[in-house]
Amino acid sequence: MNEKNTTNEETKSPSNFIRTFIEEDLKAGQYKKVHTRFPPEPNGYLHIGHAKSICLNFGLAESYNAVCNLRFDDTNPSKEEDEYVRSIKEDVKWLGFDWGETEFYASDYFDQLHAYAIQLIKAGKAYVEDLNAEEIREYRGTLTKPGKNSPYRDRSVEENLELFEKMTRGEFDEGSKVLRAKIDMSSPNLNMRDPVMYRILKVHHHRTGDKWKIYPMYDWAHGQSDSIEGISHSICTLEFEDHRPLYNWFVEQLGIHHPRQIEFARLNLSYTVMSKRKLLKLVQDKFVTGWDDPRMPTIAGLRRRGYTPEAIRNFSDGVGVAKANSLVDIAQLYASLREDLNKRALRVMAVLDPIKVVIENYPEGQTEELEAVNNPEDESAGKRTVPFSREIYIERNDFMEDAPRKYFRLAPGKEVRLKHAYYITCTDVIKDENGKIIELRCSYDPATRGGWSDDGRKVKGTLHWVSIEHAYNAEVRLYDHLFTEPEPDKGEIEECLNPDSLKVITAKTEPSLKDAQAGMYFQFLRQGYFFVDSVDSKPGAPIFNKTVGLRDSWAKKNG
RNA sequence: UGGGUCAUGGCCAAGCGGUUAAGGCACCGGGUUUUGGUCUCGGCAUCCUAGGUUCGAAUCCUAGUGCCCCAGCCA
């Protein structure tokens with residue numbers, strides 16, 4: 001296969017239409033160098049959808065040996081907070097991207113924007129509007145009916161200048177006036193029907209304080225900010241496609257550097273929601289414990305759950321960039337996660353749902369330290385030792401009294417291997433008065449120490465186990481999808497919240513886990529990946545978050 | 001009955017007039033395996049519909065159909 005077809009040679013990044021555009025623009029000399037930006041509004045935490053945008057913008061910059069700015073779109077002080085800029089910077093950094101010196105704020109440009117506005121007023125391209133919000137809406141017309149001109153549309157330049165000056169000084173009440181661009185009230189594109197550029201907002205701004213009484217709207221601030229920063233390609237999501245003519249109009253009227261806006265489809269993931277509004281609701285209504293709840297699709301939540309930056313970046317590259325609305329199967333995220341965790345997680349043994357096993361022919365009071373590899377995928381991870389004794393726990397579902405033929409775990413009379421330890425055979429099943437199995441009796445073969453037999457005997461099943469005497473009781477948090485519907489956005493999210501999205505259990509783990517440090521990645525053998533919770537763990541009392549289960553073809557087949 | 005997009009296998013997504021129509025996920029089957037994990041091998045589409053142009057069309061044209069977005073002084 002010709003690699004050129006699918007890959008940008010320098011970068012090995014997958015081909016997509018944005019890269020194609022950039023190549024064309026570069027070739028045509030439209031732009032001499034590439035310069036991108038990631039422009040979050042600091043009104044919420046970043047989520048996996050933002051991660052895709054971050055990977056795209058910073059990834060493009062890496063490919064073209066260019067810079068990607070981090071710019072906070074802080075034009076609406078009534079919704080924005082410093083707490084969010086803090087978290088956004090942390091998340092971008094954690095994902096592994098470095099914006100160096102180029103950390104900007106739209107509010108850095110408020111003075112320049114104001115000067116630009118005066119320029120437009122002087123050119124007769126903007127005017128002060130006295131109509132209120134409702135009237136403006138009425139005058140705007142509808143999707144199928146053209147709007148009509150405001151009675152204030154033809155004020156003189158002098159009057160507009162004076163009124164705008166007064167707006168700026170705070171002489172008018174909020175809502176009483178706005179500055180509008182004078183474009184075309186009959187345009188089929190509603191964005192071109194004299195869009196609002198400035199509104200009066202007597203609100204404290206997290207950076208400019210009380211200096212401003214008027215704040216620019218997105219359309220007025222964004223393109224000009226791009227222009228000021230010398231952005232070549234301004235990448236945003238599909239819903240801004242209709243704004244592109246306006247974006248272009250402003251920079252053309254102003255006669256300033258003209259970036260190219262390119263839109264792509266935002267990421268949708270099954271069994272979760274991506275809208276900031278809905279995520280905020282989950283937080284405010286306490287459906288989750290916070291923005292960093294491990295069930296949240298926020299970067300902070302994923303990080304706490306045990307995702308790695310590599311997994312998220314790999315996922316972002318994997319889903320691609322296009323203009324078609326799509327819903328990515330959450331399984332694809334899990335696949336990227338497992339791929340990375342498989343390489344780095346230390347293998348340990350933990351029994352989540354224990355059943356007691358007594359090995360009758362093993363000497364009472366004896367303990368052996370058995371050697372165990374930490375990661376078969378990574379020899380440098382080394383080895384450790386695990387205590388073995390007469391009484392152990394195994395997983396409840398690793399035993400079946402009436403086992404089907406293909407079941408190769410423990411059953412009466414059957415022999416299995418205890419990982420790193422011995423072969424055992426089940427000799428007896430002990431039940432309580434209700435018939436519930438409470439204990440298993442087994443015998444072991446002393447000749448199989450380490451889990452090997454030299455007589456060529458075949459043992460199909462291998463179980464994990466924990467010595468009862470040495471077990472650490474660990475709090476383990478098992479997570480599942482937050483929603484029961486693949487597309488919770490289709491209806492009201494409250495109606496499909498998954499009541500079982502969190503289950504807290506006490507697991508029996510091998511003793512070494514008592515000293516697990518926050519931030520360590522583990523694989524509980526045969527079960528899944530677990531991550532030491534960074535918030536609630538205490539020294540000597542780590543709490544484990546289930547990041548994702550191992551692929552389980554047995555469970556899949558047998559429900 | 002306005003405007004702007006999009007449409008390739010179950011889910012993403014390459015493809016830009018000549019390819020056996022990439023790749024990943026999922027799924028199915030074989031092998032390896034002290035994790036029913038990993039790894040490995042193999043299987044899995046004729047491109048929304050209908051016409052047309054062409055020696056040749058997923059790629060061009062025409063007409064349909066369907067999805068999404070837009071009527072904030074939000075971004």
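Residue Leu352(A) contributes atom CG, which lies 19 Å from atom P of rU35(B) at whole-angstrom precision. Distance Leu238(A) CG to rG4(B) P: 15 Å, rounded to the nearest Å. Atom CG of Asp398(A) and atom P of rG36(B) are 8 Å apart (whole Å). Taking atom CG on Asn16(A) and atom C1' on rU8(B), their separation rounds to 17 Å, with Å as the unit. The NZ atom of Lys419(A) sits 13 Å away from the P atom of rG37(B) (whole-angstrom rounding). Following rounding to the nearest Å, Glu339(A) (CD) and rG37(B) (C1') show an atom-to-atom distance of 14 Å. As a whole-Å value, the separation of Arg526(A) CZ from rU33(B) C1' is 14 Å. What separates OH of Tyr334(A) from C1' of rG37(B) is a distance of 18 Å, to the nearest Å.
Aromatic pair Tyr444(A)/Tyr422(A): ring centres closer than 6.0 Å. The distance between the ring centers of Tyr247(A) and Phe240(A) does not fall below 6.0 angstrom.
Residue Glu377(A) is in base contact, counting any heavy-atom pair closer than 4.0 Å across all strands shown. Counting any heavy atom pair closer than 4.0 Å across all strands shown, Arg347(A) reaches a base atom. At a threshold of 4.0 angstrom between heavy atoms, the contacts of Leu143(A) include nucleobase atoms, whether or not backbone atoms are also involved. The residue Phe524(A) sits apart from the nucleic acid: no heavy atom pair falls under 4.0 Å. Within 4.0 Å of Ser553(A), counting heavy atoms only, lie sugar-phosphate atoms of the nucleic acid but no base atom.
Not one side-chain nitrogen or oxygen of Arg409(A) sits closer than 4.0 Å to the OP1 or OP2 atom of rG36(B). At least one side-chain nitrogen or oxygen of Ser15(A) sits closer than 4.0 Å to the OP1 or OP2 atom of rG15(B).
The pairing partner recorded for rU32(B) is none, the criterion being a Watson-Crick or G-U wobble arrangement whose two distances lie under 3.5 angstrom. Remark: rA22(B) base-pairs with no nucleotide; criterion is Watson-Crick or G-U wobble with both hydrogen-bond distances under 3.5 Å. Base pairing of rU38(B): no nucleotide in any strand meets the Watson-Crick or G-U wobble criterion (both distances under 3.5 Å). rC68(B): Watson-Crick or G-U partner is rG4(B), with both key distances under 3.5 Å.
rG72(B) has its base syn relative to the sugar, with a glycosidic angle deviating from 0 by at most 90°.
Residue-environment remark: CD (Glu379(A)) stays at or below the threshold of 12 foreign heavy atoms within 6.0 Å. The environment of Lys145(A) atom NZ is sparse: at most 12 non-hydrogen atoms of other residues, nucleotides or ligands sit within 6.0 angstrom.
Residue Lys460(A) has its side chain nearest to rU33(B) when only rA14(B), rA71(B), rU33(B) are considered. Checking rU5(B), rU35(B), rG2(B) against every side-chain atom of Gln523(A), the shortest atom distance belongs to rU35(B). When distances run from any side-chain atom of Leu550(A) to the nucleotides rU35(B), rG36(B), rA26(B), the shortest one goes to rU35(B). The side chain of Pro188(A) sits closest to rG3(B) out of rG36(B), rG3(B), rA26(B). You'll find that the side chain of Leu525(A) is closest to rU35(B), out of rG29(B), rA26(B), rU35(B).
With respect to the salt-bridge test (charged N to carboxylate O, under 4.0 angstrom), the residues Arg244(A) and Glu263(A) qualify. Look at Arg207(A) and Asp74(A) and you find no salt bridge, because none of the NZ, NE, NH1 or NH2 atoms lies under 4.0 Å from a carboxylate O.
Position along RNA chain B of the nearest nucleotide to Lys406(A) versus Glu24(A) favours Glu24(A) as the more 5'-ward residue. Map Thr20(A) and Ala555(A) each onto its nearest nucleotide of RNA chain B; the residue landing nearer the 5' end is Thr20(A).
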Notebook entry, point to check: Under the side-chain contact (heavy atoms from CB on, under 4.5 Å) criterion, do Glu310(A) and Arg344(A) qualify, and how do the steps go?
Noted result: CA-CA 11 Å; Glu310(A) 288 75 9; Arg344(A) 70 207 305 168; 3.3 Å; yes
Notebook entry, point to check: Could you go step by step and tell me if Tyr529(A) and Tyr521(A) meet the side-chain contact (heavy atoms from CB on, under 4.5 Å) rule?
Noted result: CA-CA 7 Å; Tyr529(A) 296 99; Tyr521(A) 299 95; over 6 Å; no
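Comparing rU33(B) with rC41(B), their C1' atoms are spaced 15 Å from each other, to the whole Å. Only the C1' atoms considered, rU46(B) is 11 Å distant from rA57(B), to the nearest whole Å. For rU53(B) and rA45(B), the P atoms lie 31 Å apart once the distance is rounded to whole Å. Atom P of rU8(B) sits at a distance of 15 Å from the matching atom of rA58(B), rounded to the whole Å. The C1' atoms of rC27(B) and rC61(B) are separated by 39 Å, rounded to the nearest whole Å. Separation of the P atoms belonging to rG64(B) and rC69(B) is 24 Å when rounded to the nearest angstrom.
Contacts between residues 311-330 of chain A and RNA chain B, defined by a heavy-atom separation below 4.0 Å, involve Val319(A), Val321(A), Ala322(A), Lys323(A), Ala324(A), Asn325(A), Ser326(A), Leu327(A), Val328(A), Asp329(A), listed by number.
Of the candidates Arg180(A), Lys177(A), Arg199(A), Lys182(A), Glu129(A) forms a salt bridge (charged side-chain N to carboxylate O under 4.0 Å, His left out) with just one, namely Arg180(A). Each of Tyr109(A), Tyr84(A), Tyr105(A) was scored for a ring-ring contact (aromatic ring centres under 6.0 Å, His included) with Phe72(A), with one residue passing: Tyr105(A).
Across every non-hydrogen atom of Asp73(A) and Glu80(A), the tightest pair is O-OE2, 3.5 Å.
Asp445(A) meets the side-chain hydrogen bond (donor to acceptor under 3.5 Å, both in side chains) test with Arg457(A); sequence neighbours excluded.
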List every contact pair, protein side and nucleotides 73-75 of chain B side both N or O, where the distance is under 3.5 Å.
| residue | atom | partner | partner atom | Å |
| --- | --- | --- | --- | --- |
| rC73(B) | OP1 | Arg140(A) | NH2 | 3.3 |
| rC73(B) | OP2 | Arg140(A) | NH1 | 3.1 |
| rC73(B) | N3 | Gly175(A) | O | 3.4 |
| rC73(B) | N4 | Leu131(A) | O | 3.2 |
| rC73(B) | N4 | Ala133(A) | N | 3.1 |
| rC73(B) | N4 | Gly175(A) | O | 2.8 |
| rC74(B) | OP2 | Arg199(A) | NE | 3.0 |
| rC74(B) | OP2 | Arg199(A) | NH2 | 2.9 |
| rC74(B) | O3' | Arg199(A) | NH2 | 3.2 |
| rC74(B) | O2' | Asn76(A) | ND2 | 3.1 |
| rC74(B) | O2' | Lys79(A) | NZ | 2.8 |
| rA75(B) | OP1 | Thr75(A) | OG1 | 2.8 |
| rA75(B) | OP1 | Arg199(A) | NH1 | 3.3 |
| rA75(B) | OP1 | Arg199(A) | NH2 | 2.9 |
| rA75(B) | OP2 | Tyr218(A) | N | 2.9 |
| rA75(B) | O3' | Asp73(A) | OD2 | 3.4 |
| rA75(B) | N6 | His243(A) | NE2 | 3.3 |

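On a pure distance criterion of 3.5 Å, no polar donor-acceptor pair joins the side chain of Asp552(A) and the base of rG36(B).
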